[in-house]
Amino acid sequence: LRVAILISGSGSNMEALVRSMTGDHPARPVLVVSNVPGAGGLDRAARLGVPTATVDHRAFDSRAAFETALQDILTKARPDLICLAGFMRILTPTFVKRWPGQILNIHPSLLPKYPGLHTHARALEAGDTEHGATVHEVTPVLDDGPILGQIRLPILGSDTPETLAKRLLPLEHDLYARVLRRVAAGDRTRLDLSPEAKPR
Ligand code: GRF
């Protein structure tokens with residue numbers, strides 16, 4: 001299977017996915033696209049030997065024009081799956097409908113709680129005792145598609161949004177790589193992980 005990964009920033013989730021696609025894994029990374037020129041993830045991808053492209057959303061005078069450029073690049077790459085990994089643009093229903101069931105996203109909250117931004121701060125403000133990340137299918141409604149996996153972690157009394165994000169990131173990497181492998185093998189049953197119970 002061919003996997004394209006969309007990024008906007010450091011690309012640590014992208015790197016985790018690329019590093020997981022080896023050996024008998026049924027998928028291989030074919031392209032990493034950033035909407036931000038010079039994003040750190042582009043260097044990571046190049047070092048990992050994955051072709052990269054940049055589609056700078058600021059270079060287009062409309063969301064539709066940006067998505068047309070993105071669509072052209074993706075059509076050429078022929079991905080079977082598109083993984084959003086720290087991708088910070090909202091994709092319109094028009095775009096999403098072109099890739100039915102083929103777009104996955106990782107979101108740093110236990111959806112359906114805290115769709116949108118600033119999830120760590122919101123979980124802290126709400127006094128939650130646990131937080132986590134969710135991998136879901138992307139549908140026309142933001143952060144709303146079928147959940148493919150979640151990983152949970154306890155919130156500590158001393159946590160700040162930064163310490164929470166920092167502790168969650170490696171767990172995101174683990175979750176996303178495991179979910180991708182399952183989906184690539186045709187298994188879309190939900191995976192629930194918690195770091196305590198070391199998953200088999
Ligand atoms: C991560 O917290 C991810 O959950 C969110 O973007 C952040 C940065 O991800 N979507 P990455 O290091 O660019 O993969």
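Read the numbers this way: they start at 1 and go in the same order the structure lists the ligands and their atoms.
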Practice task
For the pair I155 and L164, evaluate side chain to side chain contact (heavy atoms under 4.5 Å, CB included) and give the outcome as yes or no after the intermediate values.
Solution key: CA-CA 7 Å; I155 291 181; L164 205 42; 4.1 Å; yes
Problem - ligand 1 contacted by I106 (non-hydrogen, < 4.0 Å) - result: yes
Problem - Numbered atoms and elements of ligand 1 in range of S12, under 4.0 angstrom, heavy atoms - result: 11 (P), 12 (O), 13 (O), 14 (O)
Practice task
May I ask you to identify the nearest protein heavy atom to atom 6 (O) of ligand 1, giving residue, atom name and distance to one decimal place in Å?
Solution key: G86 CA, 3.4 Å
Problem - Donor + acceptor pair across side chains of Y114, D128 (<3.5 Å) - result: yes
Practice task
Could you say whether the N/O atoms of N13 and ligand 1 ever approach to under 3.5 Å?
Solution key: yes
Problem - For atom 13 (O) of ligand 1, the protein heavy atom that lies nearest, with its residue and separation - result: G11 N, 2.9 Å
Practice task
Look at ligand 1 and say whether S10 reaches it with a heavy atom at a distance under 4.0 Å.
Solution key: yes
Handout entry: Aromatic ring pairing F66/F87, orientation class (parallel under 30°, perpendicular over 60°, tilted between)
Key = parallel
Problem - D24/R181 salt bridge by N-O under 4.0 Å criterion - result: yes
Problem - Under-4.0 Å heavy-atom contact with ligand 1, by part of L169 that carries it - result: side chain
Practice task
For atom 1 (C) of ligand 1, decide whether some protein heavy-atom distance is shorter than 4.0 Å.
Solution key: yes
Fill in the blank from the handout: The protein heavy atom nearest to atom 3 (C) of ligand 1 is E172 OE1, 3.1 Å
Practice task
Check whether the side chains of E67 and T94 place a donor and an acceptor atom closer than 3.5 Å, and report yes or no.
Solution key: no
Practice task
State, without any angle test, whether H120 and H131 hold a side-chain donor-acceptor pair at a distance under 3.5 Å.
Solution key: yes
Problem - Polar contact flag, side-chain donor to acceptor under 3.5 angstrom, D187-T189 - result: yes
